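FYI, side chains are in, hydrogens and waters are out, and symmetry mates aren't considered; it's all heavy atoms of this structure. Below, chain A is the first sequence line, B the second, and so on; all start at residue 1. Everything numeric here is computed off the predicted structure, so don't read it as measured data.
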Protein chains: 2
Amino acid sequence: MSYSIGEAAKMVGLTAHTLRFYDKEGLLPFVKKTSSGLRAFTESDIEWLKIIECLKGTGLPLKQIKQYIDWCMEGDTTIPQRLNMFIEQKKHVEEQKAKWEKHLEKINFKIKYYEDAAQHGNLNVFERNPKLLEEKKRLFKD
Amino acid sequence: MSYSIGEAAKMVGLTAHTLRFYDKEGLLPFVKKTSSGLRAFTESDIEWLKIIECLKGTGLPLKQIKQYIDWCMEGDTTIPQRLNMFIEQKKHVEEQKAKWEKHLEKINFKIKYYEDAAQHGNLNVFERNPKLLEEKKRLFKD
DNA sequence: TTAATCTTTAGAGTTAACTCTAAGTCAAGA
DNA sequence: TCTTGACTTAGAGTTAACTCTAAAGATTAA
């Protein structure tokens with residue numbers, strides 16, 4: 001059994017347009033066509049799409065995703081490159097997570113700040129709560 | 001004391017080009033100019049830049065960042081909108097974090113998979129390690 | 001069998017966020 | 001004072017990733 005481009009698109013949360021675009025960019029060399037020229041997505045193709053989504057969702061550009069797909073098509077000799085790519089991507093994700101953690105601290109500070117401001121209808125927050133000023137200094141020092 | 005556009009750029013890890021672009025887009029209405037027309041960034045301006053970086057770094061588009069800056073310039077009446085924006089952004093960051101966590105699981109799986117493949121020089125990983133196949137099914141089921 | 005809906009292609013258009021260029025102005029050191 | 005490098009503007013160009021259009025062919029339900 002196989003899926004049409006529209007069905008496949010729905011399954012992975014993309015549009016058929018986007019899947020055609022990916023195909024044009026060489027990201028879907030594994031997708032076969034029916035005798036009448038329609039793309040037929042297999043279960044395995046859907047898994048490929050999920051890996052592509054995973055890589056794209058963690059910030060890998062389509063060009064590098066294509067590089068990975070090319071390696072996969074090339075065969076067993078490219079296993080080290082592929083392993084390396086995922087190790088690098090793991091590093092990248094963990095760096096991003098750390099960055100987001102820092103951003104989240106600033107956002108939490110702003111929420112506290114504006115909650116106090118909203119309660120009193122003005123921005124004299126630090127006069128009312130000097131500890132928040134200390135926190136601000138800590139968060140924005142670097 | 002104040003900083004030139006180049007100094008400010010270096011301090012926040014952007015280029016002078018980018019800061020001029022942000023200015024043109026209306027993101028830096030607070031930056032004053034010297035009598036001869038050069039931008040002079042104050043310490044407070046640098047803090048603004050850091051907040052902009054925080055919002056941009058967590059995926060808020062420049063247009064919405066401009067909306068926030070506009071609210072700040074408008075005065076105390078926009079405090080509720082600003083509070084709401086940061087609450088929404090916090091939600092967004094936490095959703096992203098959860099998504100990245102899921103992606104990271106897939107990446108970790110791929111690392112295990114390719115480590116085994118690299119060790120044996122071929123991709124018969126699931127024959128050697130059926131438990132990994134179970135893990136794959138779990139990770140890619142949805 | 002026919003209408004509605006889907007799919008095909010090539011190729012044009014869009015959006016966000018830069019990134020660079022040119023031609024001129026300003027500032028700091030020798 | 002002169003030179004070097006940083007700054008100014010307006011505006012053009014770039015990149016990534018879609019997003020859409022048009023015209024034609026395929027599939028499906030009535």
Cation-pi geometry met for Lys136(B) and Phe109(B) (6.0 Å, 45°): no
What one-letter contact string describes nucleotides 4-17 of chain D from 5' to 3', where B marks a base within less than 4.0 Å of any protein heavy atom, S marks contact via sugar-phosphate atoms alone, and - marks no contact? ---SBB-B----SB
Expressed as a whole number of angstroms, how long is the span from Tyr3(A):OH to dC6(C):P? 18 Å
Could you tell me how the ring of Tyr114(B) sits relative to the ring of Tyr68(A): parallel (under 30°), tilted (30 to 60°) or perpendicular (over 60°)? perpendicular
Is the NZ or CZ atom of Lys110(A) both under 6.0 Å from the centre of the six-membered ring of Tyr113(A) and within 45° of that ring's axis? yes
Close side-chain approach of Pro29(A) to Ile69(A), heavy-atom, < 4.5 Å: yes
Return the CG to NZ distance between Asn108(A) and Lys90(B), rounded to the nearest 0.5 Å. 3.5 Å
